[in-house]
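Quick note on labels: first sequence line is chain A, next is B, and so on, each numbered from 1.
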Amino acid sequence: MLRFIIKRVLVALLTLAAIDVITFGVFFAVPSSPAAVMCSKNCDEARLARVNAALGLDKPKLDQFIDFNKGLVFGRDFKVGDKADHCPAPCLGYSFRTSEAVTKVLGRGLPITVSIVIGAFILWMIVGVSLGVYSALHRGTFADKIAIGLSLVGASMPVYFFALILLGIFVFSLKFFEFPHFVSITENPLLWAKGLILPWLALTFVQAAGYARYSRSQMLETLSEDYIRTARAIGLPKRTVHMKHALRAAITPVITLAGLDLGVFLGGVAITETIFGMHGIGWQSVNAVFDLNLPVVMGTVLIAAFFVVVSNTVVDVLYAFIDPRVKLS
Amino acid sequence: MDKPVQPVTASGGTGAAAVDIVDNLTVAPEAERLPEAIREIVGRSPSQLAWMRLKRDRTGMISFGVLVFFVLLALAAPLIQWLYGQGGPEVGHSELLDLRGRPLGSAGGVSGDHWLGLRPERGQDVFLQLVFGIRTSLGIAVVAQIVATTIGVVIGVIAGYARGWVDRVLSWFIDVMLAFPFFLFALAIIPTIYLKLANASGVAAWKKIMVIVLIFVIFGWLYTARIVRGQVISLREREYVEAARAAGAGVGHILFKQILPNIWAPILITFSLGVPAIITAEAALAIFGIGISDGDGISDLGKLVAHSVRWMPNWEYVPAAAWLPGLTIFGIVLAFNLFGDSLRDALDPKSER
Amino acid sequence: MRRTLRIATVGLAAIGLFAAACSKNTGEDPGKGQDKKLDAKLVYVDDAKGPAPEIPGAKKGGILTALGSADFDHFFPQATYRGDAIMVGGQLALRTLTNYYEKDGKLQLMGDIATTTGKQEDGCKKWTYTLREGIKFEDGTPVTSKNIAQGVSVSFEELSADGPQYIQRWLKGATDYKGPWTTKGQLAPGITTPDDKTIVFELSEAHCDFPLAAALPTTVPVILDKMDPSKPDSLESPLSTGPYKIKSYTRGERLEFERNSNWDAKTDPLRHNYPDGFVFDWTATDPALTTKRIVADAGADKTAIQWDNVPSEALPDVEKSADAQKRVVEGETVFSLFINMNTQIITDVDIRRAMIYATNQQSILQIIGGEKAGKPSTTLVPPVTPGHKKFDVYKKPLTGDVDKAKQLLQGKQLKPFIYCYRAGGTRPQTAAAMKEAFARAGIELVLKELDRTTYYNIVGKKNTDCALIPGGWGQDYSDNSTYLGVLASPEEANRDGSNNNAYLDVPAVGAKLKELGAMPDRAAAAPLYGDLEEQIFKDYAPWIPLYYDYSYSLIGSSVGGVFLSGTWGSPSLQNAYVK
C-alpha cells in the first residue's frame with residue numbers, strides 16, 4: 001500500500017514539473033512584454049530596455065526559468081527600480097502592474113474562490129446525489145420524471161445564463177437579495193453566507209443537475225447487477241439492499257468524479273465570479289489577462305493545475321483503499 | 001469554463017461504464033456471415049439491435065431531428081440569405097434604430113422585412129445572425145471535434161494496445177494536459193497567438209477561426225483518448241482477440257477487424273457530448289471578448305450570446321436579440337444531450353431506462 | 001411513453017418567456033434630461049482667500065465611495081496626465097500653485113498655494129508667486145517655495161515623462177536639464193526662490209497662459225529628501241497638502257483617503273473637508289452592473305459615485321426609475337472624438353473629403369448610446385474650448401452623404417486603407433460600422449485590431465501603416481494652444497508618441513500656431529484659433545468629426561454636492577459631502 005502511495009506522489013510531482021515547464025514555455029514565448037505594460041504611452045526602445053533589465057527580462061530564457069523555479073522553492077528577490085522586493089516561497093512571480101508578489105495578489109482572491117466552491121460543492125453534492133438516488137429508487141414515478149427533466153435543463157444550461165436570470169429576478173426585480181458582497185468568514189459568518197447565496201445557487205443548479213444524472217445512472221446500473229438481485233432474492237429487506245449494498249457501489253464513481261471536479265473548480269470559477277462581482281482568483285486571472293499582467297495569469301494557471309493534480313492523487317489513493325483491485329493492477 | 005466536460009469515465013480508471021456497454025456487443029461476430037434466412041432466426045447483430053432500439057426511442061429521434069434541422073440550417077445559410085433579401089448578417093440597419101441604438105417599432109423591430117427584429121447598437125438582423133451564427137459555431141465545433149476525436153482514437157488505441165511504457169508515458173501526458181485550466185489557458189493564449197500572427201493588416205478572420213479550432217482540438221482529444229484507451233485495454237483481453245492472436249493474426253488485423261469495430265460506440269458518444277461542450281465553451285470565451293471580434297465581419301453564435309448577455313436585464317427593448325441566442329445554445333446542447341442519452345441507451349441494453 | 005412526458009417537462013421549461021414588448025419605440029427621447037452646458041469662459045480671481053464658501057446643507061462625516069473600472073496609471077503627481085487622476089489628486093490632497101474652482105457652472109482660476117494667479121512681468125516672460133501663510137505637508141512640515149521648485153524639477157525626470165511637459169519646455173535655460181536625481185541635487189534653471197514665500201519663474205518665450213499651466217500637477221510641492229527613486233512606493237504616496245491624505249493604496253483595487261489633520265481650511269479657498277474619507281474602488285469592472293447597483297440604491301451603495309459613464313445597455317435602467325433620474329450627474333465635457341486620417345498615407349485631399357462625407361455619424365452614436373453619450377460634431381475642437389467656432393465645412397446629414405462622396409472619388413484609383421483600433425469597449429463595433437459606411441461609397445477598409453500595449457507604439461509614429469486612427473482629445477487647460485496647438489502641430493507630428501495622428505505636417509500651419517500661441521491676449525487669440533481650424537478643414541480635411549463627449553453617470557441617494565466637472569470629465573468632489 002505504502003509503495004503505491006509513494007509511487008502515486010512521485011508521479012504527481014513529475015506531473016507538476018511538466019506543467020511548470022509547459023506553462024513557462026508557453027507564457028514566456030509570448031511577445032507581449034510586461035515592460036511595455038508598465039510603459040503605457042510614451043515608450044521608446046531605450047526605456048523599454050531599461051525596464052526589461054530592471055525586471056530581469058533580458059536574461060536568456062533558461063536563466064529566467066531557473067530563477068523562477070528557484071523562487072518557487074526558496075523565495076526570490078525582485079529588483080524594481082533599485083529596490084529589492086522579497087517574494088517569499090513559493091514565489092509564483094511578480095506582478096509588475098501592481099508592484100507586489102503574485103502570491104500576495106492571489107492570496108486576496110483565494111479565500112473568495114474557496115468559499116464559493118466549497119459551499120457550492122457541499123450543496124450540489126447533497127442535492128444532486130440525493131436527487132439522483134431517489135430518482136433511481138423511484139424509477140418511473142412522476143417525481144422521477146420531474147427530476148430527470150429538471151436535471152436535463154440544468155445540465156444543458158450555461159452557467160452564465162442561469163446566473164444572470166438569478167440576478168435579474170432575485171436582486172433587481174424582486175429585490176429578495178442584495179447584490180452579492182463578499183464578507184470574510186472570520187469577520188462575520190452570517191454575512192459571509194448571505195453574500196454567497198446567489199453564487200452558490202447558480203453553481204449548484206448546474207452542477208447538481210449533472211450529478212443527479214450521473215448518480216441516477218450509476219444507481220440504476222448497480223441495481224440491475226446480479227448480486228443485488230441475489231440479495232433481494234434471498235430475502236434481504238429492500239432498504240438494506242438499497243442503502244447498504246447498492247448505494248455504496250454506485251456512489252464510488254460519483255465521489256471519484258466529484259473529487260476531480262473539486263480540484264478543477266478550486267482553480268477558479270471565472271464566469272460565476274465575474275457575474276456576481278466576487279473577486280476570487282478566477283476573476284483576478286481574467287482581469288490579469290486583460291491587463292496583460294502575465295505573471296498573475298501564469299500564477300493562476302499553476303495554482304489551478306496544482307489543485308487538479310493534488311485532487312487526482314488524493315482520489316486515486318482513496319480509491320485504492322476502497323477498491324482492492326486497483327492496488328494490484 | 002465553469003462546467004468542465006465530464007468524461008464518460010473517471011480518471012485513470014478502467015473505463016468501467018464504457019466497458020459494460022461494449023461487453024454486451026461482443027456477441028460472436030461469426031453470426032454476420034450466416035445466410036440471410038438463418039440470420040433471421042439466429043437474431044440480429046448488435047449494431048442492428050442498437051439501431052432498432054434507437055428508432056423506437058421517440059425522444060432520441062426527435063432530438064436527432066432537431067440536430068439535423070440545425071445542420072441543414074447551417075448549410076443552407078447562404079441560400080437563406082439570398083431568399084431573405086436583407087443583405088448579409090453583419091449589415092447594420094442603422095436607419096431602423098433610434099439614436100440610442102434601440103430598434104424602432106415593436107418587439108425590437110420585428111417586421112415583414114426582419115422577422116425576429118434587430119440587434120441593438122448596430123442593427124443587424126437577428127434571424128440572419130442566428131442562422132449564420134449557428135453555421136459558424138456548429139462548423140467550428142464539429143470540425144474541432146472530428147479532428148480531436150480522430151487524434152484521440154489514434155492515441156488511445158496506441159496507448160491501450162501497446163501497453164508498457166508507451167502506455168504509461170501517453171497516459172501520464174494526458175494527465176498533465178488535463179490538469180491545465182482550459183478556460184484560463186485559452187483566455188490567455190488565444191490573444192497572444194493572434195499577436196504573433198498579426199501582419200500589417202491585422203489578423204485575417206479565417207486565421208482566427210483556425211486558432212480557436214486548434215485550441216479546442218488540443219484539449220479535446222484528451223477525453224476521447226482516455227476512453228478509447230480504456231476500451232482497448234479491456235478488449236485486448238477478450239477471448240476472441242486472444243484466439244485471433246493465437247491463430248497468428250497480425251497487429252493490423254486485430255486492430256482493424258477486432259478492436260476498432262467495437263469501440264465505435266464510446267467514440268460516437270464522446271463525439272456527441274463534445275460538440276455541445278465546444279459550443280458552450282466558445283460562447284464563454286466570447287463573453288470575455290476572446291475569439292471572433294466585431295470587426296471581423298463574421299457572425300458567430302458565441303459572440304451573439306455575449307452581446308445578448310448585456311441586454312438581458314432590459315430585454316423588453318430587444319426581446320429576440322436578448323433571449324434567442326442563449327436559448328438557441330440551450331436548445332442545441334439539450335438536443336445533443338438527449339440524443340447522446342438515447343444513443344447510450346440504445347447501445348447498452350442492460351440499462352433499461 | 002415515459003420519454004414523451006420527459007420531453008414535455010423539458011419543453012415547458014425551455015419555452016422562452018416571450019412576453020412581447022408591446023410598447024412601440026418611435027424614437028422619441030425617453031428621458032426628459034436637460035443637457036448641462038459647460039461655460040467656456042474662464043474667470044481669473046486674484047483675491048481669493050480661504051476658507052472656501054460653505055455649501056448649504058453640507059455636514060461633516062461619512063465616507064464616499066467611487067466605483068470605477070480603471071485605476072489611475074500613476075499617483076505620482078508629476079507623472080499624472082489623466083483628467084480624473086489630476087482632478088482627484090488636486091481636489092483631495094495635492095495642492096498646486098494655482099487651481100480651479102467650479103461655481104454655478106462657471107470655471108474660476110485662482111491662487112491655490114499661491115495668493116494670486118501670478119504676477120507677470122517682461123511681457124509674460126517672468127512670473128512671480130507669493131505663497132500663502134500656514135500651508136503644511138501632512139507630516140507638519142511647512143511648505144516653502146523651495147518645495148515647489150523641487151516639484152517642478154522632479155517633473156524633468158524620466159519618471160515624469162508621462163506627465164504634462166509645458167513648464168519644462170518653457171523654463172529659461174532648462175533645455176538640457178534632466179532632473180534633480182540625474183544631476184545630483186541641482187534644481188531646474190529658470191526658477192529662483194528669493195525667500196521661503198516667493199518663487200519666480202523665468203521663461204525663454206512669452207507665455208501668458210502660464211497660470212493655467214501652473215494649475216497642472218507639475219507644481220505640486222515635494223520634499224526631495226524624502227523621495228527615493230529606488231523605492232517606487234515612496235513616490236506613489238506623495239505628501240499631502242490638502243484636506244485628505246492617502247490611507248492605503250492597493251494598485252488596481254483600492255485607493256483610500258482619510259483626513260489630514262495638518263490641513264488648515266483658512267489657507268484654502270478651494271476645498272472642504274466634509275466627508276471623513278474617500279474610497280476609490282477599481283474592481284467595479286462592469287459599468288452596467290455598477291449602474292444597476294446605484295439605481296437599486298441599497299446599503300453601502302447609497303454613498304456610491306459611479307465613476308464610469310452609464311453604458312448604452314444600462315440606460316434603460318435609469319429611464320425606468322424616476323428616483324434614479326433625480327440622481328444623475330451629467331454634462332458636456334472637454335473631450336471631442338474624431339477619426340484621424342493619416343495625411344502621409346491618404347495623400348489626396350479629395351479622398352479625405354470623401355471619407356468625411358461617407359461617414360455615418362448616426363451609426364457611431366447608436367453604438368455608444370445616443371445623446372447621453374455624445375453630441376454629433378462638425379468640428380475638431382469642442383464647444384467648451386475657448387476659440388471653438390461652430391462651422392460646418394462639409395455639410396451632410398447625420399447618416400452621411402454617399403453621393404457626394406462618390407462624386408469626389410470619381411475616376412480615382414483606390415487601394416484598401418488600414419483602420420487601426422484598440423480592442424475592447426465599443427471600438428470594434430465602431431470599426432465595423434465605419435467599414436460598412438465607407439463600403440457604400442466604394443472605399444475599402446481593412447480593420448486592424450491592436451492590443452493595449454502595442455497600440456500607442458504603432459499609431460504614434462509618423463511612418464505608421466495605419467491610415468485611419470480613431471482619436472479623442474481634451475484640452476489640458478482652458479486654452480486652444482493645448483488643443484489645436486497640439487493636434488495640428490508639425491513638431492508633434494514628428495515626435496515619437498505623437499498625438500497628431502493625422503500627421504498633418506504643414507509649415508504654414510505650424511507657424512500660424514506658434515504666432516497664436518505667443519499672443520499675450522488670450523481672449524483675442526481665441527477666435528483666431530477658430531478661424532485657423534476652419535481653414536485647416538477646408539484646405540486639408542485631416543479629421544473626420546464624430547461627436548463631442550457627454551458624461552452621464554449616477555450617484556447614490558446619500559451623496560451630496562457632487563456634480564459633473566466638464567473640465568475633467570468626471571464627477572467633481574470639490575463640494576462633496578454625505579447627506
Side-chain angles (χ1 to χ4, degrees), chain A residues 11 14-16 18-19 22-23 26-27 30-32 152-153 155-161 164-165 167-168 172 203 206-207 210 214 217-218 220-221 224 253 256-257 260-261 264-265 267-272 274 282 285-286 289-290 294 297-298 300-301 304-305 308-309 312 315-316 319 329, chain B residues 1-4 6-7 9-14 16-17 20 168 172-173 175-185 187-189 191-193 195-196 276 280 283-284 287-290 305-306 309 312-313 315 326-327 329-338 341 344 348 350-353:
Chain A
V11 170
L14 192 62
T15 312
L16 284 171
I19 291 172
I22 296 180
T23 309
V26 163
F27 284 109
V30 156
S32 179
L152 204 53
V153 169
S156 309
M157 188 175 281
V159 121
Y160 51 83
F161 203 65
L164 281 168
I165 294 179
L167 261 186
F172 295 120
L203 275 178
V206 173
Q207 285 297 103
Y214 194 47
S217 77
Q218 287 300 114
L220 283 178
E221 236 180 82
S224 61
T256 312
L257 192 63
L260 303 172
D261 248 355
V264 171
F265 275 61
V269 278
I271 299 180
T272 312
T274 305
S285 48
V286 169
V289 168
F290 290 121
L294 253 24
V297 182
M298 226 185 99
T300 328
V301 170
V308 171
V309 172
N312 254 308
V315 161
D316 276 353
Y319 212 87
S329 71
Chain B
M1 52 189 189
D2 283 344
K3 188 167 162 56
Q6 293 183 352
T9 62
S11 99
T14 50
D20 286 344
R168 273 207 290 264
W172 171 78
F173 181 65
D175 278 340
V176 169
M177 293 289 296
L178 277 175
F180 277 96
F182 162 77
F183 188 67
L184 239 199
F185 209 71
L187 213 58
I189 280 306
T192 353
I193 300 182
L195 258 183
K196 265 213 155 97
T280 313
I287 286 190
F288 288 101
I290 304 295
V305 169
V309 156
M312 252 200 263
W315 62 268
L327 287 174
I329 283 200
F330 175 61
I332 294 179
V333 173
L334 193 61
F336 267 105
N337 275 339
L338 282 173
D341 274 0
R344 236 188 308 215
D348 177 11
K350 239 179 46 172
S351 67
E352 276 303 331
R353 299 303 185 114

For a quick check under 3.5 Å, do A:Ser156 and B:Asn337 share a side-chain donor-acceptor pair by atom type? yes

Could you state the interatomic distance from CH2 (B:Trp315) to CG (A:Leu164), rounded to the nearest 0.5 Å? 15.0 Å

Nearest-0.5 Å distance that lies between atom CD1 in B:Ile329 and atom CE in A:Met157: 12.0 Å

More than 12 heavy atoms of other residues, nucleotides or ligands under 6.0 Å from CZ of B:Phe288: is that the case? yes

How far apart are the closest heavy atoms of B:Val176 and A:Thr15, and which atoms are they? CG2-CG2, 3.4 Å

Residue among A:Ala18, A:Ser285, A:Gly282, A:Pro158 with most heavy-atom pairs under 4.5 Å to chain B: A:Ser285

CG-CG distance between B:Asp341 and A:Leu152, expressed to the nearest 0.5 angstrom: 6.5 Å

Which atom of B:Ala283 lies closest to which atom of A:Tyr160, heavy atoms considered: CB-OH, 3.3 Å

Per-residue contact mode, B:Ile193 against chain A (heavy atom under 4.5 angstrom): neither

Working to the nearest 0.5 Å, report the span between CZ of B:Phe180 and OG1 of A:Thr23. 3.5 Å

Closest non-hydrogen atom pair between B:Pro181 and A:Ala305, with its separation: CD-N, 4.4 Å

So which part of A:Leu167 gets closer than 4.5 Å to some heavy atom of chain B, the side chain, the backbone, both or neither? neither

Is any side-chain heavy atom of A:Thr300 closer than 4.5 Å to one of B:Leu184? yes

Could you state the interatomic distance from CG (B:Asp175) to CG (A:Asp316), rounded to the nearest 0.5 Å? 8.0 Å

Take B:Leu178 and A:Val308, measure what side-chain contact (heavy atoms from CB on, under 4.5 Å) needs, and give me the verdict at the end. CA-CA 8 Å; B:Leu178 277 175; A:Val308 171; 6.0 Å; no

Which pair of heavy atoms, one from B:Phe183 and one from A:Ala270, lies closest together, and at what distance? CE2-CB, 4.0 Å

